[in-house]
Amino acid sequence: MYRKQLLDCHKRIKPYIHRTPVLTSRLLNDITGAELFFKCENFQRMGAYKMRGATNAILLLSEEERAKGVVTHSSGNFAQALSLAAQSLNVQAHIVMPSNAPKVKKVAVSQYGGNIVECDPTIESRSFAASKIARVTGATFIHPSNDMNVIIGQGTAAMELLEDYPELDYIFTPIGGGGLIAGTALSAHYFGNNCKVVGGEPYEADDAYRSFHSGKIESNSTTNTIADGLKTVLGDKTFPIIKKHVHDIIRVTEDEIVIAMRLIWERLKIIVEPSSAVALAALIREKDNYHGQQIGIIISGGNVDLNQLPF
């Protein structure tokens with residue numbers, strides 16, 4: 001079922017997304033002892049892989065549903081992705097954003113045509129505001145990660161990577177809400193050749209690591225990490241896929257994230273956000289376990305505030 005959904009999704013969203021490039025670096029190969037292939041979703045429309053899932057979710061709505069618009073809550077990339085996807089499809093997007101969301105991200109959402117509704121910076125406030133908008137306007141709520149149509153959309157990045165490099169042994173991705181890694185794991189399962197998926201996660205927001213090992217969804221008491229895109233928690237759609245199809249989750253420190261981010265900037269000559277660097281940081285941390293392997297790394301996005309660089 002998922003195999004067909006992934007194939008159909010990729011065909012469906014193709015006109016609205018970029019097929020992003022894959023970059024390599026001899027120096028990063030030397031550092032890790034593996035052969036690395038970076039899938040650069042920082043070059044995706046709106047600067048992150050989330051354009052894929054947002055587009056798929058809207059395209060699968062009925063004409064009647066589209067006419068009433070869509071709503072989500074997000075402080076970052078999904079807010080931008082749903083706004084741009086909706087604009088591309090002539091659909092109204094209502095975006096609930098916490099009052100402390102970065103100004104640069106609010107500006108981007110506005111430029112993509114999203115109607116911003118601010119709320120207090122808590123999960124409860126975000127959910128309440130989004131529910132109210134859906135009730136009043138009839139807009140369809142689309143969750144940033146815990147939605148199968150979104151998950152399948154995110155999986156198309158790994159599909160493309162495996163089309164280009166079918167013999168990958170592993171694919172590393174960051175893990176926050178789990179939409180990217182769940183979609184990636186499904187693509188690796190159906191289109192890889194015994195390809196395993198590994199997640200990278202900050203110690204400061206390690207709910208997925210703890211969930212992976214406890215067998216139930218855990219939460220975070222604090223999320224004091226530079227990887228702002230990974231502060232969200234797993235859901236009832238993403239977690240079962242992760243439990244079944246993900247090989248491992250590796251935690252990394254804040255210093256390791258910054259070092260990996262700088263390496264990518266310096267060696268690949270591309271702009272990536274801290275969340276994107278977590279996957280490479282995870283590989284570097286446990287590189288001895290992956291020596292000599294062919295490894296795909298999904299660069300999740302490049303929406304970084306250049307006034308807040310950590311180096």
Side-chain angles (χ1 to χ4, degrees), residues 20 23 25 27-28 31-32 36 38-44 46-51 74-81 97-98 100-109 121 144-145 154 157 171-181 184 198-209 220 222-234 249-287 295-311:
T20 52
L23 299 182
S25 164
L27 183 82
L28 294 179
I31 288 172
T32 59
L36 309 185
F38 293 87
K39 179 64 170 171
C40 295
E41 287 293 292
N42 54 318
F43 293 134
Q44 188 52 262
M46 59 66 52
Y49 73 92
K50 293 193 175 185
M51 185 67 186
S74 168
S75 59
N77 284 341
F78 196 76
Q80 296 173 64
M97 300 187 78
N100 62 351
K103 183 180 178 182
V104 65
K105 294 189 176 181
K106 290 180 181 176
V107 170
V109 169
S145 57
Q154 317 306 30
I171 299 176
F172 276 63
T173 82
I175 180 167
L180 176 61
I181 196 169
T184 299
V198 178
E201 186 175 45
Y203 271 102
E204 297 295 329
D206 68 346
D207 59 289
Y209 174 88
N220 292 310
T222 61
T223 54
N224 186 28
T225 176
I226 189 176
D228 60 294
L230 306 184
K231 293 181 178 182
T232 48
V233 295
L234 303 179
I249 297 174
I250 299 168
R251 295 177 294 179
V252 293
T253 67
E254 296 300 291
D255 285 345
E256 288 170 331
I257 296 170
V258 174
I259 289 168
M261 181 177 172
R262 182 164 186 151
L263 278 171
I264 293 170
W265 280 57
E266 288 181 343
R267 300 304 167 184
L268 292 180
K269 316 300 182 190
I270 59 174
I271 293 175
V272 302
E273 58 196 74
S275 299
S276 291
V278 171
L280 177 61
L283 173 59
I284 292 173
R285 183 181 184 89
E286 297 200 6
K287 63 182 181 180
I295 299 175
I297 296 180
I298 297 190
I299 300 288
S300 55
N303 293 325
V304 62
D305 186 345
L306 297 178
N307 294 315
Q308 300 291 329
L309 290 179
F311 44 73

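Shortest non-hydrogen contact noted between I249 and Y209 is O-CD1, 3.4 Å. The two residues L230 and G200 have their closest heavy-atom pair at CD1-O, 4.4 Å. Taking each heavy atom of A79 and S74 in turn, the nearest pair found is N-OG, 3.0 Å. Considering every non-hydrogen atom in both F43 and I270, the closest pair reads CZ-CG2, 3.6 Å. A157 and I298 make their closest contact through CB-CD1, 4.5 Å (heavy atoms, listed as atom of the first residue, atom of the second, distance). The minimum heavy-atom distance linking M261 with V304 is given by the pair CE-CG2, 4.2 Å.
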**OP:** Take E266 and L27, measure what side chain to side chain contact (heavy atoms under 4.5 Å, CB included) needs, and give me the verdict at the end.
**Re:** CA-CA 11 Å; E266 288 181 343; L27 183 82; over 6 Å; no
Original post:
Given the rule in the side chain to side chain contact (heavy atoms under 4.5 Å, CB included) test, do N42 and S276 qualify, once you have shown the distances and angles that lead to the verdict?
Top reply: CA-CA 9 Å; N42 54 318; S276 291; 5.8 Å; no
**OP:** For T32 and I284, run side chain to side chain contact (heavy atoms under 4.5 Å, CB included): C-alpha distance rounded to whole Å, both residues' side-chain angles, the deciding distance at 0.1 Å, then the answer.
**Re:** CA-CA 6 Å; T32 59; I284 292 173; 4.0 Å; yes
**OP:** Under the side chain to side chain contact (heavy atoms under 4.5 Å, CB included) rule, what do L28 and F38 come out as? Steps first, then yes or no, please.
**Re:** CA-CA 11 Å; L28 294 179; F38 293 87; 3.7 Å; yes
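Distance check: L280 CG to L263 CG gives 6.5 Å after rounding to the nearest 0.5 Å. Note that CG of D255 and CD1 of I257 are 9.0 Å apart. Values are rounded to the nearest 0.5 Å. Interatomic distance, E273 CD to S300 OG, rounded to the nearest 0.5 Å: 5.0 Å. Rounding to the nearest 0.5 Å gives a distance of 13.0 Å between CD1 of I299 and CZ of F172. Taken from CG in L36 to CG in L268, the straight-line distance is 9.0 Å, to the nearest 0.5 Å. The NZ atom of K269 lies 12.0 Å from the CG atom of L23; values are rounded to the nearest 0.5 Å.
Remark: the backbone N or O of I250 is not paired with any side-chain donor or acceptor of E286 at under 3.5 angstrom. Using modelled atom types, no side-chain atom of Q154 and backbone atom of G179 make a donor-acceptor pair closer than 3.5 Å. Although no hydrogens or angles enter the test, the distance criterion places a donor-acceptor pair under 3.5 Å between the side chain of N220 and the main chain of D207. In this structure, the side chain of K39 does not engage the main chain of G296 through any donor-acceptor pair within 3.5 Å. Side-chain atoms of E254 come within 3.5 Å of backbone N or O of I226 as a donor-acceptor pair. Looking only at distances, no side-chain donor or acceptor of Q44 sits under 3.5 Å from a matching main-chain atom of Y49.
Applying the salt bridge (Lys or Arg N to Asp or Glu O under 4.0 Å) test between E256 and each of R262, R285, R251 identifies R285 as the sole match.
Under the 3.5 Å distance criterion, with hydrogens and angles disregarded, no donor-acceptor pair is assigned to the side chains of T225 and K231. A donor atom on one side chain and an acceptor atom on the other are found under 3.5 Å apart for T20 and E41.
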